[in-house]
Amino acid sequence: MEGGGGNSKGSGLGGLFGAGGAGGPGYSHADLAGVPLTGMSPLSPYLNVDPRYLIQDTDEFILPTGANKTRGRFELAFFTIGGCCMTGAAFGALNGLRLGLKETHSMAWSKPRNVQILNMVTRQGALWANTLGSLALLYSAFGVIIEKTRGAEDDLNTVAAGTMTGMLYKCTGGVRGIARGGLVGLMLTGLYALYNNWEHMKGSVQRQSL
């Protein structure tokens, strides 16, 4: 009787601490792999980590409060200047081709005519690339200075930078030229800011109408 009780206690303690006796049932790791663990998250059989931690549901970087995910003006300046230079070169080349064909329409197709058209294309392309590149450089510089001065990035910086760019670009034309250039810059950047906020403004109007 006592021996039987000792064996039953030993097997019970062995089963409790995972060390089964000779007569107790033995369980391998393969048998315990499919047993669900109550209150614990399932673990990968290949990696001893929770698979949910491997899924990136959040952003990679933590942004400050109120900051947006767009790049700043200094980072966009290189793209703006390069894009304006290439746009100006393409537009100037087409304009030069038009002017070259117009000026040489009375000439027969020959090498002198081709050379004259090519010279017009390269001259107009370089002229327009230089013009738009200079405007983009002034606009980007004014935008960065205004952003650093105000400590904020909004459409007011865009409109102010465009106005100052037009005024400086036309400063050689006197007071009238400065006013005209500033007005053109104000109108262009104002339309650009209106285009960027069009969806937001339309949503606001719809909410107010409801």
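Here the structure is a predicted model, which is why all the values come from computation and not from measurement. In what follows, residues are counted from 1 in the order of the sequence shown.
Here the CD atom belonging to E153 is positioned 10.0 Å from the CD1 atom belonging to I146, to the nearest 0.5 angstrom. To the nearest 0.5 Å, atom OG1 of residue T104 and atom CG of residue N114 are 8.5 Å apart. The OG1 atom of T158 sits 4.0 Å away from atom OH of Y139, with the distance rounded to the nearest 0.5 Å. Between the CG atom of L183 and the CD1 atom of I178 there is a distance of 13.5 Å, given to the nearest 0.5 Å. Atom CG of L137 and atom CG of N130 lie 10.5 Å apart (nearest 0.5 Å). A distance of 6.5 Å separates CG in D155 from CG in N196, rounded to the nearest 0.5 Å.
The neighbour count for R180 CZ, taken as heavy atoms of other residues, nucleotides or ligands under 6.0 Å away, does not exceed 12.
Closest of all the heavy-atom pairs between G133 and C85 is CA-SG, 3.6 Å. Residues N119 and T122 approach most closely at O-OG1, 3.0 Å, considering heavy atoms. In terms of heavy atoms, L132 sits closest to G88 at CD1-CA, 3.4 Å. Of all the heavy atoms in W128 and G92, the pair that sits closest is CD1-CA, 3.5 Å.
Counting only distance, with no hydrogens or angles, the side chain of S110 and the backbone of A108 share a donor-acceptor pair below 3.5 Å. Formation of a donor-acceptor pair under 3.5 Å by the R113 side chain with backbone atoms of M107 is found in this model. Checking side-chain atoms of N95 against main-chain N and O of F91 turns up no donor-acceptor pair under 3.5 Å.
Contact of the L168 side chain with the C171 side chain is registered, since non-hydrogen atoms from C-beta on lie closer than 4.5 Å. Contact annotation: the side chain of Q124 never approaches that of L94 to less than 4.5 Å [non-hydrogen atoms, C-beta and beyond]. The closest side-chain heavy-atom distance from C84 to L135 is not below 4.5 Å.
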Evaluate Y169 against T131 for side-chain contact (heavy atoms from CB on, under 4.5 Å), listing each step before the verdict.
CA-CA 10 Å; Y169 188 76; T131 301; 3.3 Å; yes
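In the hydrophobic clustering of this structure, V121 groups with L101; members are Ile, Leu, Val, Met, Phe, Trp, Tyr whose side-chain heavy atoms approach within less than 4.5 Å, directly or through other members. Note on L99: it does not cluster hydrophobically with W109, by side-chain heavy-atom contacts below 4.5 Å among ILVMFWY residues.
Counted by atom type alone, N157 and E147 present zero donor-acceptor pairs between their side chains at under 3.5 Å.
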